[in-house]
Amino acid sequence: MRTILFEFKEGLMIALRAIASNKIRAMLTMLGIFIGVTVVVTMSTAIKGIDNSFQQGISSLGSDVLYIDKWAWFSNVEWWKMRNRKNITMEEFERFKNLAKLPAAVAPVTNTVQTVKYQERRVENVFINGSNADYVKTTNFTFSEGRFYSEIESNASRQVAVIGSEIAKKLFPNMSPLDRTIKIGGENFRVVGVLAEQGSFILGPWNPDNQVYVPIGTIFKNFASNRFRSITINVRAASPALVEETKAEAEGVMRKVRGLAYDQENDFSINQQEGLQENYNSVVGVIQIAGLFITGLSLFVGAIGIMNIMFVSVKERTKEIGLRKAIGAKRRTILAQFLLESSVICLVGGLAGLVAAVLLSMLINQFIPTSIQIGSVILGIGISLLTGIISGLAPAYTAAKMDPVEALRYE
Amino acid sequence: MNIINIEHIAKIYKVGLEEVHALRDVSLKIDKNEYVAIMGPSGSGKSTLMNMLGCLDTPTSGKYEFKGVSVSEMSDNELAKIRNKEIGFVFQTFNLLARSDAVHNVELPLIYAGVPTAERRERAIQALIDVGLKDRLRHKPNELSGGQRQRVAIARALVTNPSIILADEPTGNLDSKTGEEIMGLFHEIHEKGNTIILVTHEEYIAEHAARIVRLKDGLIESDERVDKRYIPKIKSTLAQ
């Protein structure tokens, strides 16, 4: 054990001397590993950030909410078949609501995209979400100001609105939006509530923060075309454990409402966040593999650079290797010397790459919430060490098995 | 006591399809504190013999005993150990590490011998003082003259207290005056009880030795004691 430590220490000293005697070359070689480790670690941090954002965003949808819709979010049913389905109407919603016993809350939802204005300020292409007072119970909304619209306001189709946090920021940068009158598609609405920040940027227009919520009747009243569109029925199960039962009941009730015979297919779909999650996982899986493959490629190029330099270095120092062997260096001593040299180069390059990756992650953190993972740090150090050993192995082996007589004669 | 005992060794190299008989049948005994010169024209096999003696290579056939231990069948690592402990090499081209100072160059064999840092530094410095380089300890090879470089190499050979010093054309790259100084140094080293084997093709260099072995075509042509040894006049700094 002591001799191994001794040999390691001495090998390291020799390797450091060799690196120090050729600083520029060592630095250029390090650059390859530096770039490789930087991109690999930054990439994995960025992917983690996207993942964080998505999970945060998706949780605002609620895992225990079902969406009865004309359209399936993810399915193998041809789109034209779904297009030919009957629209879901308010009457069907009322009948569904009366028949379904399990849900904690049921709400009809229709959407329109409008420009929202307050005085000179405007936000284009905003999702205007029309529903009833129960809608808030199908969500996990929290409010920074005010409240959701009431049952009375909803039933009477009052011109009141609840706005998402992003909309509030854009329209009312330095005042409270409460009781101000905004214009939605040219119609006046009074703001009764402002949502606290809910989702995340990754959902884009589907992010609750970028939406406006109004009583469903006001949408039918002001934006007449919505009367001819299908609505969605949001159904919240009483608890996450009851999601499957609630789903089964909802399917049965909906079939009854539609008067479907037992041999007829459903002419509606019941969607869940779960489907979104699955779809997301497959998309992110591809991003992950592609991203790590591409960044891994740059690391590979760096490794080839190191191997190349190590081969040159061995060739160049043939005579030195011959001398070292002549005066008593064993094979493994020479092997260790060159392996340590490439490992040190890689490790230093890798550590510098990690520092760069930490800085880049801080930059990324300005856009998506992420931070460098301890796993990434270990990954970075591990990768650089491994690269050093693997790319140093072939040159070091060449050096170790040199015949001292031949090596000493080499000019 | 024989340090080196070679009996009927041969060495055959394969160059392509052709076999080259570098050594055909060589027997040689060298005792402690001998000063032997091995001579011969190029192609005579003297380099091959030197590689054998230096345990850098093993014979194709025959017996080689170093201090009574058979070397012929040793593994690479065992040979490395023998070279490290028992043999001090001095080369024509010095073979110093260009980017290391004199002390580190002399320390090198001690590193491979596993000598701790402080002790090997001390021994390296002492060896350099012994060869007269007291004020050149921290100089790098390119800051030293040819003669000084060879002195560093000799210090490196001596530092492990080897059983033999094996010098291959040690004056080949030096002018005659410096060469003379180096031969003086060898003379003193011999006087101190070391065994020296000198490989050369220069008659006047060989005359410094007490015994001359002449090789030709892979065979020993003659092996004779020198009656009138040439004792160098210039005293080196070794005795100081």
Side-chain angles (χ1 to χ4, degrees), chain A residues 1-26 313-338 340-341 396-411, chain B residues 11 13 22 47-58 74-101 104-117 120 140-141 153 155-160 162 166 168:
Chain A
M1 188 63 203
R2 265 191 62 202
T3 54
I4 290 176
L5 270 177
F6 181 86
E7 282 192 25
F8 181 81
K9 190 192 126 213
E10 295 303 333
L12 195 63
M13 293 307 291
I14 293 169
L16 289 177
R17 271 169 190 275
I19 292 168
S21 67
N22 226 324
K23 290 190 195 74
I24 291 184
R25 190 165 77 185
S313 175
V314 165
K315 196 85 191 158
E316 213 180 59
R317 281 188 272 165
T318 300
K319 215 164 176 170
E320 178 192 321
I321 294 164
L323 170 81
R324 286 180 186 278
K325 289 197 131 189
I327 63 174
K330 298 187 180 97
R331 279 187 179 203
R332 68 157 187 269
T333 325
I334 300 289
L335 190 78
Q337 175 190 337
F338 284 94
L340 280 165
E341 189 175 328
Y397 184 71
T398 314
K401 73 175 205 317
M402 267 183 194
D403 176 19
V405 177
E406 296 288 327
L408 276 170
R409 209 180 288 153
Y410 185 85
E411 287 303 327
Chain B
K11 181 73 184 179
Y13 292 110
S47 294
T48 308
L49 181 59
M50 194 205 68
N51 291 338
M52 296 292 152
L53 292 173
C55 297
L56 289 164
D57 208 348
T58 49
M74 277 190 176
S75 70
D76 274 9
N77 278 347
E78 288 167 318
L79 288 174
K81 212 169 177 178
I82 293 259
R83 289 197 296 266
N84 182 248
K85 281 203 159 50
E86 307 287 356
I87 299 162
F89 288 94
V90 178
F91 302 95
Q92 179 177 358
T93 52
F94 323 133
N95 282 339
L96 300 176
L97 300 185
R99 292 187 179 86
S100 300
D101 62 22
H104 185 251
N105 266 294
V106 177
E107 267 185 306
L108 215 52
L110 296 179
I111 293 178
Y112 295 127
V115 176
T117 319
R120 69 174 186 243
K140 289 183 177 166
R156 183 180 64 195
L158 287 171
V159 77
T160 52
L166 198 55
D168 181 15

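Per chain, numbering begins at 1; letters A, B, ... match sequence-line order.
- Both the backbone and the side chain of A:Ser21 have a heavy atom closer than 4.5 Å to some heavy atom of chain B.
- Of all the listed residues (B:Leu96, B:Ile87, B:Asn95, B:Asp76), the one sharing the greatest number of non-hydrogen pairs under 4.5 Å with chain A is B:Asn95.
- When heavy atoms are compared at a cutoff of 4.5 Å, B:Asn51 approaches chain A solely by way of its side chain, counted from C-beta outward.
- Interface remark: B:Val159 contributes no atoms to any contact with chain A (heavy atom separation under 4.5 Å).
- For the set A:Arg317, A:Arg409, A:Arg17, A:Glu10, the count of heavy-atom pairs under 4.5 angstrom toward chain B peaks at A:Arg17.
- Here the closest non-hydrogen pair linking A:Ala329 and B:Ala80 is O-CB, 3.9 Å.
- The parts of A:Arg331 that come within reach of chain B are both its backbone and its side chain, each placing non-hydrogen atoms under 4.5 angstrom from that chain.
- Considering every non-hydrogen atom in both B:Phe91 and A:Ala326, the closest pair reads CZ-CB, 4.2 Å.
- Side-chain contact between B:Ile111 and A:Met13 is absent, with no heavy-atom pair separated by less than 4.5 Å.
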key: Test log, rule side chain to side chain contact (heavy atoms under 4.5 Å, CB included), inputs B:Thr160 and A:Ile327   = CA-CA 10 Å; B:Thr160 52; A:Ile327 63 174; over 6 Å; no
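- Ranked by heavy-atom pairs under 4.5 Å with chain B, the first of A:Glu320, A:Arg324, A:Lys319 is A:Arg324.
- Atom CZ of A:Phe8 is surrounded by 12 or fewer heavy atoms from other residues, nucleotides or ligands within 6.0 Å.
- At least one side-chain heavy atom of B:Leu108 sits less than 4.5 Å from a side-chain heavy atom of A:Leu323.
- Using modelled atom types, one side-chain atom of B:Arg83 and one backbone atom of A:Lys325 make a donor-acceptor pair closer than 3.5 Å.
- In this structure, no portion of B:Ser47 lies under 4.5 Å from any heavy atom of chain A.
- Smallest separation of non-hydrogen atoms from A:Phe6 and B:Pro116: CE1-CA, 4.3 Å.
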